[in-house]
Every structure is written in structure tokens, then in C-alpha cells.
Trainee: 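Starting off with a structure, shown below.
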There are 2 protein chains.
Amino acid sequence: MDNIKRLDQRIELLRPILGFEGVTFQQLREIADCSFEKSYSKGELIFDQGEKCEFFYIVMKGLVKVSIYGSSGNKITYLLAGTGEPLNLVGPFTGNPRYLSAESIENTSILLLRNEDFLAYTYRHPVVIKNIMSILGYAIDSANDKILDMIEKRVEQRLIKVLHTLQKKFGQRLKFTSRDFAELAGTTTESTLRAMAQFRKRGMIKSNRGEIIILDPGFMENQGFEVYWV
Amino acid sequence: MDNIKRLDQRIELLRPILGFEGVTFQQLREIADCSFEKSYSKGELIFDQGEKCEFFYIVMKGLVKVSIYGSSGNKITYLLAGTGEPLNLVGPFTGNPRYLSAESIENTSILLLRNEDFLAYTYRHPVVIKNIMSILGYAIDSANDKILDMIEKRVEQRLIKVLHTLQKKFGQRLKFTSRDFAELAGTTTESTLRAMAQFRKRGMIKSNRGEIIILDPGFMENQGFEVYWV
DNA sequence: CGGACCTTTGACAGAGCTCAAAGTCTGTGG
DNA sequence: CCACAGACTTTGAGCTCTGTCAAAGGTCCG
């Protein structure tokens with residue numbers, strides 16, 4: 001049956017995340033049972049800031065950008081979530097709106113769980129709570145780190161850090177536009193393009209429309225750069 | 001007995017925080033029983049970044065500044081914790097080091113609980129988990145908001161926002177140095193001093209060494225400024 | 001084909017960081 | 001009780017990074 005197959009897929013998606021490894025198949029099945037899927041095409045809005053949170057979202061396929069808009073049209077990217085990554089860890093607990101919006105940047109399918117279903121389950125597994133706390137800790141540390149970088153690092157250095165971060169997560173071929181990089185580094189598209197021109201001159205990268213290829217992965221590694229958490 | 005009195009104090013400290021209201025006296029007593037106190041004089045380091053976390057810290061009396069240091073000596077303040085406020089919500093769950101250090105900025109006494117004691121207790125009370133998640137959510141949103149403000153707001157505006165925030169928390173008389181304000185707004189002492197000179201000219205504030213008095217609280221209220229979470 | 005989006009580059013201006021020097025306050029220790 | 005070192009405040013001058021505005025060409029999609 002196709003339905004069974006689908007359920008299996010969901011179970012395999014859930015198992016490796018948040019500490020669900022230790023959980024029995026039967027239990028995972030229960031939770032997978034009351035989940036459902038939703039598809040979004042490239043560029044579609046998944047949720048917007050200020051909306052109440054009713055569901056817990058996990059990316060099944062594709063790529064999602066979670067970001068924040070400033071009052072003068074600026075935007076920063078807070079999280080890039082791929083397969084198996086959750087979009088909103090806090091929301092299900094409070095149900096309250098957050099200052100985050102999520103947008104698919106590829107064709108994406110999302111697994112949704114009602115808050116209650118996710119929570120009922122979570123409360124029974126301390127290790128899941130622990131892992132969520134740990135992730136939120138990283139998120140906070142990373143955000144604070146970015147604030148510091150805004151103060152003491154220049155655009156170029158922040159961009160190298162962004163490239164390094166993305167390389168660790170996605171490999172050497174990064175299919176993002178300069179605007180995407182700018183939103184990650186907290187700068188403008190123009191400054192990003194200028195910096196990229198520099199990097200190209202130095203032989204650090206190669207670039208086509210909508211993608212950057214990192215030529216010398218070792219270089220950034222050796223710089224002693226920390227990575228952000230995205 | 002003095003000991004009984006002390007225990008009562010601790011219980012009264014714990015009750016209003018994190019959703020412990022609903023908890024019976026007996027249970028609070030249990031947890032207060034295995035806590036202990038520690039005193040720090042002004043300017044003392046309570047914990048440093050990179051240390052493992054063994055205890056959950058709550059401020060009993062005084063004021064604590066939780067901050068992060070950058071590689072070139074910069075520093076930003078992440079949290080100002082007064083009576084009843086916890087210093088490290090994530091630490092007890094993971095035990096892992098964070099990028100945070102805490103320093104008393106008044107003579108302070110802290111209530112400490114071993115991670116295990118705090119957690120054992122917490123896991124039994126979903127409302128506590130929920131409240132912790134909620135606080136962490138605010139912390140993340142606030143940090144992201146600060147990043148946006150670093151991009152699109154000028155030093156003056158960020159400082160007004162900081163003053164507004166502190167006013168809400170501490171009232172019109174703010175006993176902080178310009179360096180403290182700078183660390184909150186993500187700028188330098190000099191720029192802060194210059195901005196404060198402006199505010200003084202405009203009749204918004206009055207200032208002495210080590211304190212700022214906000215003269216027109218309504219003004220900031222009406223500006224439609226959001227506040228940070230500190 | 002046309003519009004939308006992305007890239008590229010130039011010129012310019014200004015916010016604010018840095019360095020510097022001097023004055024003021026405070027509390028610690030002799 | 002006084003002196004002095006350290007911390008805080010104040011203000012100036014200069015410089016530079018980078019955001020803003022602008023113009024033009026390339027690419028993709030409907």
C-alpha cells in the first residue's frame with residue numbers, strides 16, 4: 001500500500017531527530033500517524049511573523065529559509081532548514097506568535113504535527129526536551145555571536161564566516177544568490193557582490209548566477225573561523 | 001530558628017518564577033532544601049564562558065550582568081538579572097559550556113541548585129518546561145531584533161531603545177555607567193557619551209556619574225519603540 | 001518578447017569608530 | 001584624614017567602511 005510506505009517514510013524522517021532514536025517503532029508510528037504533509041513550491045510562504053503557532057513543522061524535502069523582517073524592509077536569515085530539520089521548536093510549547101517567518105527556497109514538502117500531539121509525546125521523553133534546549137542554546141549563542149560580529153568584524157570577514165558555515169552544511173557548491181548571502185551576513189547585496197569580486201580575484205571562489213563554488217575549502221578551515229548556527 | 005527562616009526565604013523566591021506557583025509548599029520545600037547560597041561582591045565573576053555548567057543559578061539579591069566577549073575585547077550584555085531571575089536556563093539541561101559569562105554589578109547573593117535537582121523537578125512540571133521555552137523564545141527573538149537594529153538603526157535610536165527597556169525594568173533612575181549602556185546597545189563608550197549629551201540637550205535625561213535619570217518617560221513610550229529583552 | 005530578477009561597477013557621503021587629551025569623581029590604603 | 005590610582009566623563013579631529021543611489025548588461029521564465 002502507498003499509505004504504509006508513506007508512513008514508513010515519516011517514521012524514518014522522525015527517528016534521527018531530537019533524540020527520537022531511542023523510541024520504539026510503535027511509538028513513532030503513533031506520532032507519524034497523526035501527522036500530515038503539505039507541499040510548497042519555491043518561494044512560497046510557510047508561516048509569517050505574528051501568526052499563532054498551531055503546528056510543529058519538519059522539513060521532509062527541500063530547503064526552507066526562516067527569517068526576520070526589520071521595519072525598514074531589511075531582512076535577516078536566521079535558519080536554513082533542510083531535510084529532517086524542524087522550523088519552530090519554541091512555538092508548539094507556547095502557541096504564541098514569534099518574530100519569524102518561513103519561506104521555501106526550493107520546492108519543499110513539510111511534515112506537520114499539531115502542537116498537542118508533538119508535546120504530549122515530547123513530555124514523555126526527557127532526552128527530547130534536553131535536545132531542544134541544547135538547540136535553542138546554540139541558536140542564542142549564535143545570534144549573540146552575530147551581534148558581536150556586527151560590531152567588530154567587517155563585511156568581508158562576516159561573509160567568509162557565512163561561506164564557511166554553509167560549506168560545512170551544504171558542501172562546496174552553494175546555490176544561493178548574493179541577496180541570500182547578504183541576509184545571512186547582515187549586509188547589503190551590493191557590499192556582498194563587491195566582497196565576492198574580491199574573493200574571486202583571490203581565487204577563493206568561482207561563481208555563476210545563483211551559485212558560488214568554494215575553491216579552497218582548506219583556506220577557511222585554517223583561518224580558525226567559528227561557524228554560525230543556521 | 002534562623003535556618004527555617006532562610007528556607008522560607010528561598011521558597012518565597014522560587015514560588016513566583018518559571019511557573020512554580022502551582023506547586024505545593026512541600027514540594028518547594030524539597031527543592032529549597034537541596035539548594036545553597038553564595039555571595040559575590042560587586043564586580044566578581046560568577047561564571048565564565050567555556051565553563052561546564054553544574055548549577056542552576058537564581059539571583060536572590062543584587063544585580064547580575066550576563067555578557068559575551070568578542071575576540072577583540074568587545075563585550076555585549078545579554079541579560080541583566082535581578083531578584084528572582086535565573087541566569088542560565090539552558091545550562092542545566094545540557095551541562096555543556098556556553099558562550100556566556102556572568103558578573104555581579106552589585107553585591108549579590110545567588111541561590112544555586114545542582115543541575116540534577118533542578119531537572120528532576122522540572123521534568124515533573126510541564127508548565128515549567130513551557131515557561132522556560134517561552135523565555136528562550138524571547139531571548140532568541142530579542143537577539144535577532146538586536147541584529148536587525150545593528151543594521152538599520154543608528155546608535156542614538158538603539159540607545160533610546162535601551163533606555164526605554166531599562167526604564168520598564170528598573171524605573172526612571174538608572175544606575176549604570178556609559179560603558180554599561182554601550183554594551184547593551186552594541187556601540188562604544190564614546191558614541192554613547194556623545195548621544196547622551198544630545199539627549200541631555202533635548203531635555204530627555206539628566207545624568208550624574210554612574211547614573212542616568214529619565215526625565216520624560218512618556219516620550220519614549222510614545223515613540224512606538226519596542227523594548228529589548230534583558 | 002517583456003518583465004523580473006540577478007550581477008556588476010562607479011561615485012559619494014556620512015555615521016560612528018579610533019585615538020587622544022584633559023577634567024572629575026571615588027574609594028582604598030597608608 | 002589625605003593622597004593617589006583608577007574609573008568615569010567629556011570633547012575634538014580624522015578616517016574609513018559601507019550603505020545608498022544609479023546605470024547597465026545578462027539571464028530566466030511565462
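Per chain, numbering begins at 1; letters A, B, ... match sequence-line order.
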Trainee: Would you mind reading off the distance between B:N74 atom CG and C:dC17 atom P, rounded to a whole angstrom?
Mentor: 10 Å
Trainee: How many Å lie between CD on B:Q198 and P on D:dG12, as a whole number?
Mentor: 11 Å
Trainee: If you assign each of A:E190 and A:R158 to its closest nucleotide in DNA chain D, which residue comes earlier from the 5' end?
Mentor: A:R158
Trainee: For A:T189, answer base if it contacts any base atom (sugar-phosphate contacts may also be present), sugar-phosphate if it contacts only those atoms, and nothing otherwise; contact means non-hydrogen atoms under 4.0 Å.
Mentor: nothing
Trainee: Going by atom types alone, do A:D180 and A:T177 pair a side-chain donor with an acceptor below 3.5 Å?
Mentor: yes
Trainee: Hey, does the side-chain of A:R200 have a donor or acceptor N/O within less than 3.5 Å of a partner on the base of C:dT9?
Mentor: no
Trainee: Is there, by distance only and without an angle test, a donor paired with an acceptor across the side chain of A:R154 and the base of D:dC17 below 3.5 Å?
Mentor: no
Trainee: Mind calculating the distance between CE (A:M150) and C1' (C:dG16) to the nearest angstrom?
Mentor: 14 Å
Trainee: Write down the distance between CG (B:N208) and C1' (C:dG23), rounded to a whole number of angstrom.
Mentor: 16 Å
Trainee: Calculate the interatomic distance between B:I205 atom CD1 and D:dT9 atom C1'; express it in whole Å.
Mentor: 12 Å
Trainee: Rounding to 10 degrees, work out the angle separating the end axes of the helix from C:dC1-D:dG30 to C:dG30-D:dC1 (five pairs an end).
Mentor: 50°
Trainee: Check residues 46-61 of chain A and write down every donor-acceptor pair under 3.5 Å in which the side-chain atom is one partner and the other belongs to a residue at least two apart or another chain.
Mentor:
residue : atom : partner : partner atom : Å
A:E51   : OE1  : A:D48   : N            : 3.4
A:E51   : OE2  : A:D48   : N            : 3.4

Trainee: If you check every side-chain atom of B:L193, which of D:dT10, D:dG26, C:dT18 has the closest atom?
Mentor: D:dT10
Trainee: Testing the basics here: between B:I135 and B:W229, what is the closest heavy-atom pair and its distance to 0.1 Å?
Mentor: CG2-CZ2, 3.6 Å
Trainee: Can you confirm whether B:I132 sits close enough to A:F93 that some side-chain heavy atom of one is under 4.5 Å from a side-chain heavy atom of the other?
Mentor: no
Trainee: Quick one: the side chain of B:R194 and the base of D:dG12, do they pair up donor-acceptor inside 3.5 Å?
Mentor: yes
Trainee: Any donor-acceptor pair under 3.5 Å between the side chain of B:R209 and the base of D:dA7?
Mentor: yes
Trainee: Is there a side-chain polar atom (N or O) of B:S191 under 4.0 Å from OP1 or OP2 of C:dC17?
Mentor: yes
Trainee: Return the 5'-most residue of the pair B:T187, A:S207 with respect to DNA chain C, ranking by each residue's nearest nucleotide.
Mentor: A:S207
Trainee: When you compare the side chain of A:M196 with that of A:S207, does any pair of heavy atoms fall below 4.5 Å?
Mentor: no
Trainee: Distance only, no hydrogens: is a donor on one side chain within 3.5 Å (strictly under) of an acceptor on the other, for A:R10 and A:S35?
Mentor: yes
Trainee: Expressed in angstrom and rounded to an integer, what is the separation of B:K206 atom NZ from D:dT9 atom C1'?
Mentor: 18 Å
Trainee: So, is B:T188 near the phosphate of C:dC17, with a side-chain N or O under 4.0 Å from OP1 or OP2?
Mentor: yes
Trainee: Over how many whole Å does the gap from A:D149 atom CG to D:dT18 atom C1' extend?
Mentor: 16 Å
Trainee: Provide, to the nearest angstrom, the distance between the CD1 atom belonging to B:I151 and the C1' atom belonging to D:dT20.
Mentor: 15 Å
Trainee: Would you say B:D145 and B:S142 are linked by a side-chain donor-acceptor pair, where the criterion is simply a distance under 3.5 Å?
Mentor: no
Trainee: With no hydrogens and no angle check, just 3.5 Å: does a side-chain donor-acceptor pair link B:E103 and B:S67?
Mentor: no
